[in-house]
Protein chains: 2
Amino acid sequence: MKQTPKKIAIIGSGLVGSLLAIYLRRRGHDVTVFDRRPDIRTIEFSGRSINLAMSNRGWKSLQGVGIEDVIKKIAIPLDKRAMHVIDTPVYFQKYGKDNEAIWSISRGILNRKMIDLAEEAGVDFKFNEKVWDVNLPEAKIYTGESEKSEWAEYQFDLVFGCDGAFSRVRHKMQRRSRFDYSQDFIDVGYKELTIPPNEDGTHKLDKNSFHIWPRGKFMLIAMPNLDGSFTCTLFMPFDGEVSFEKITTKKEAKVFFKTYFPNVQKEIENLIEDFFKNPTSAMVTMKCYPWTYWDKVALVGDSAHAIVPFYGQGMNAGFEDIYKLNELISIHGDDWEAIFSAYQLERKPNADAIAELSYRNFIEMSSKTADPIFLLQKKIEKYFAEKHPDKWLPVYSRVTFSDKPYTEALQIGDEQEKIMKEIMKIKDIEQVWNSKEVEKKILNLLNY
Amino acid sequence: MKQTPKKIAIIGSGLVGSLLAIYLRRRGHDVTVFDRRPDIRTIEFSGRSINLAMSNRGWKSLQGVGIEDVIKKIAIPLDKRAMHVIDTPVYFQKYGKDNEAIWSISRGILNRKMIDLAEEAGVDFKFNEKVWDVNLPEAKIYTGESEKSEWAEYQFDLVFGCDGAFSRVRHKMQRRSRFDYSQDFIDVGYKELTIPPNEDGTHKLDKNSFHIWPRGKFMLIAMPNLDGSFTCTLFMPFDGEVSFEKITTKKEAKVFFKTYFPNVQKEIENLIEDFFKNPTSAMVTMKCYPWTYWDKVALVGDSAHAIVPFYGQGMNAGFEDIYKLNELISIHGDDWEAIFSAYQLERKPNADAIAELSYRNFIEMSSKTADPIFLLQKKIEKYFAEKHPDKWLPVYSRVTFSDKPYTEALQIGDEQEKIMKEIMKIKDIEQVWNSKEVEKKILNLLNY
């Protein structure tokens with residue numbers, strides 16, 4: 001459907017803000033992006049972000065405006081997990097079939113590129129301009145040096161809040177009556193560490209793997225960068241026996257890395273330096289509703305649904321918001337009220353589903369990876385799925401390598417879990433796990 | 001334990017703020033109460049508040065500073081429900097045994113009296129002074145005409161946020177990392193209506209009853225006032241078949257009241273006038289954590305735990321916060337960090353429990369009161385509880401007429417519910433509900 005060009009403000013020049021800007025600009029709208037921070041292309045990165053894993057939903061959304069290929073050039077495909085279990089040689093777990101992979105990409109490098117692409121498309125960026133207030137029914141925004149300084153007023157037709165988990169736009173919506181909102185922090189924090197490249201610029205660990213050092217209540221992960229380095233993230237409880245609170249000196253940090261991560265001894269000085277240089281960050285699940293205000297204002301991405309990062313779906317879910325929004329624009333044309341209404345109705349349950357799946361993955365990673373029963377269950381599932389790929393798509397694959405709704409992944413995953421609970425009750429399951437009997441029982445429970 | 005006098009600010013001069021002020025002043029502290037609104041003793045009431053039901057926990061907390069008797073003089077005891085079911089004569093349900101009663105009291109009249117009492121105790125009140133910001137670690141507060149005007153700074157030793165569900169103090173705490181927060185609105189709103197007194201000043205309905213007109217998805221309640229009037233509250237969905245949205249003309253309102261409330265026909269003109277004069281208000285469950293900041297700031301009452309009003313426990317729970325806080329002050333003396341830490345650890349689970357119980361009562365009232373199975377279950381419970389008062393204290397009584405923890409009420413209530421689910425499975429339970437067999441089975445399930 002044809003669309004009348006609108007004057008559109010996007011608050012936030014992050015990944016979601018800049019992709020949305022490209023989509024809307026391509027449709028002929030006049031798009032201005034505001035960001036309270038300076039242009040990310042002009043500054044050093046802060047070192048506060050986990051490397052991103054772009055998967056199916058992300059790529060599909062980039063494809064929608066034809067920028068998939070140019071982004072692939074700055075990403076590295078990971079087709080497997082590399083498991084670093086203590087006292088065991090490193091072993092690999094393929095992610096899926098048919099060369100399925102997730103793609104490691106630096107948030108900063110990706111963001112710079114996306115802003116370049118948006119500018120090329122004709123988007124106007126206003127950096128260092130802080131939005132303090134939004135007049136929702138009139139789509140006016142107010143910017144200024146500080147909350148108490150003089151403010152400039154801008155009039156738009158539409159305002160999109162792409163300003164992340166601590167969104168100022170949502171903050172304004174939140175003060176209305178009947179706005180549901182929750183923020184729940186988990187008791188685990190994270191810290192970014194770096195493994196530098198070899199002297200010849202090559203990677204010190206396998207380049208096409210997502211590296212995991214699971215240690216029960218805490219874990220280290222590493223993802224490759226283009227320059228040969230790895231961005232590592234240490235996830236660990238804030239307080240308790242092994243925790244950020246307990247490591248306060250270089251000596252304690254050294255003991256910690258030596259004890260738990262014996263195969264990164266050569267990098268230890270670097271890890272320790274980063275440990276004290278980089279901040280410890282918190283992780284939050286944020287939910288809210290509604291996401292839109294009349295035909296004037298909409299929240300997209302983290303501002304509407306921030307999730308914990310344990311499924312690698314934060315950016316992918318935000319990009320999928322844009323993809324769906326664009327589909328709805330094609331359907332409803334100039335009727336922005338219909339677009340916004342359909343958008344929030346469709347996306348909200350999916351956002352809740354991926355929030356739940358991500359939180360469960362956190363629980364799974366932090367408490368179950370050492371449980372032999374759990375590991376056996378995963379082994380049986382994998383064995384069965386490989387034998388019957390048409391009958392059993394693991395939840396991880398459904399989330400990561402398909403564009404089926406997150407709600408479906410959650411629901412089917414629950415059904416699969418129920419079946420596996422039955423299977424695990426089978427007598428001597430440790431011995432018979434790969435038997436015909438178990439296979440038949442699963443097929444039976446699946447109603448085949 | 002002895003306490004060093006502190007300079008204390010209380011934000012909010014409502015019921016919780018003024019009672020806390022009395023408690024702290026009695027301990028010799030220098031107490032100033034700030035309120036952004038004018039002195040409630042100087043203004044007309046707004047008509048936005050359900051009449052309050054003071055029960056055991058509230059009275060006990062007033063008793064703690066010896067003001068129970070003076071407050072009882074402005075309250076009316078209600079020892080029963082009066083059920084106004086369509087096509088049935090009004091019938092009564094006693095609340096409990098031994099003259100147990102809840103007490104109807106006007107929020108405005110109670111608040112005026114409490115401020116008088118606090119002033120008599122030596123508390124300083126600053127009305128019309130709006131707190132815009134709080135420096136949490138330094139216990140400083142900032143007030144001024146508007147958010148953007150010049151602010152005055154006040155330095156205190158301790159700050160208490162008693163500023164209700166939309167607390168400014170909590171708002172400041174909420175912007176810190178690792179602060180959990182949620183606000184959930186229900187899809188039912190409420191509106192206050194009045195039934196005026198007879199010409200001779202007497203009440204038009206039974207004065208010592210809590211009147212209920214249950215109508216499935218909506219309901220009307222009425223509580224008596226000292227002047228012979230009743231404060232009624234209409235609870236009804238915002239949208240849908242029978243809803244606030246659907247009643248937009250006086251004619252529609254007349255049909256509504258005539259159809260559903262045949263026994264208040266004489267008051268209909270008054271009800272209709274109020275219907276369009278008074279606002280429709282929303283109801284929210286608000287949870288957060290932590291409730292305190294170091295030894296400097298604490299949230300008390302609705303600012304820490306706002307609940308829906310269907311158990312009549314909002315004020316009672318807030319007053320109980322103060323009672324417990326006072327007990328902890330007696331234990332820990334000058335160690336405010338220990339006081340605050342123990343306070344939030346003890347009160348948070350109880351606040352969550354009464355939030356859950358209140359929400360369940362909303363569901364029960366709105367969807368189950370017409371279900372014959374549910375009504376039969378309630379009848380069996382009542383029958384058994386009367387025969388075995390030592391073995392079965394109904395949840396309602398535990399919440400309303402005891403000071404046992406709310407957590408216990410929730411837990412024991414769940415156990416009772418499980419037992420009743422079993423009982424309702426008994427064949428022909430409709431016929432045998434008061435038989436020896438059923439009685440034995442309950443005793444059995446209770447492990448007697």
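Every chain is numbered from 1, with letters handed out A, B, ... down the list of sequences.
Heavy-atom contacts from other residues, nucleotides or ligands closer than 6.0 Å to OH of B:Tyr142 number more than 12. Atom CD of B:Glu145 is surrounded by 12 or fewer heavy atoms from other residues, nucleotides or ligands within 6.0 Å. By the 6.0 Å contact criterion, OH on B:Tyr154 is enclosed, its count of non-hydrogen atoms from other residues, nucleotides or ligands being greater than 12.
Side chains of B:Phe185 and A:Ser177 form a contact here, defined as non-hydrogen atoms less than 4.5 Å apart. Side-chain contact between B:His171 and A:His171 is present, with at least one heavy-atom pair separated by less than 4.5 Å.
Rounding to the nearest 0.5 angstrom, the gap separating the CG atom in A:Asp184 from the CZ atom in B:Arg178 is 13.0 Å. Residue B:Glu147 holds its CD atom at 8.5 Å from NZ of A:Lys148, rounded to the nearest 0.5 Å.
With a 4.5 angstrom heavy-atom cutoff, A:Phe179 touches chain B via backbone and side-chain atoms both. Only the backbone of B:Ser149 comes within contact range of chain A, judged by heavy atoms closer than 4.5 Å.
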Legend entry - Residues B:Arg175, A:Phe166; criterion side chain to side chain contact (heavy atoms under 4.5 Å, CB included); working and verdict: CA-CA 9 Å; B:Arg175 297 193 77 82; A:Phe166 302 98; 5.7 Å; no
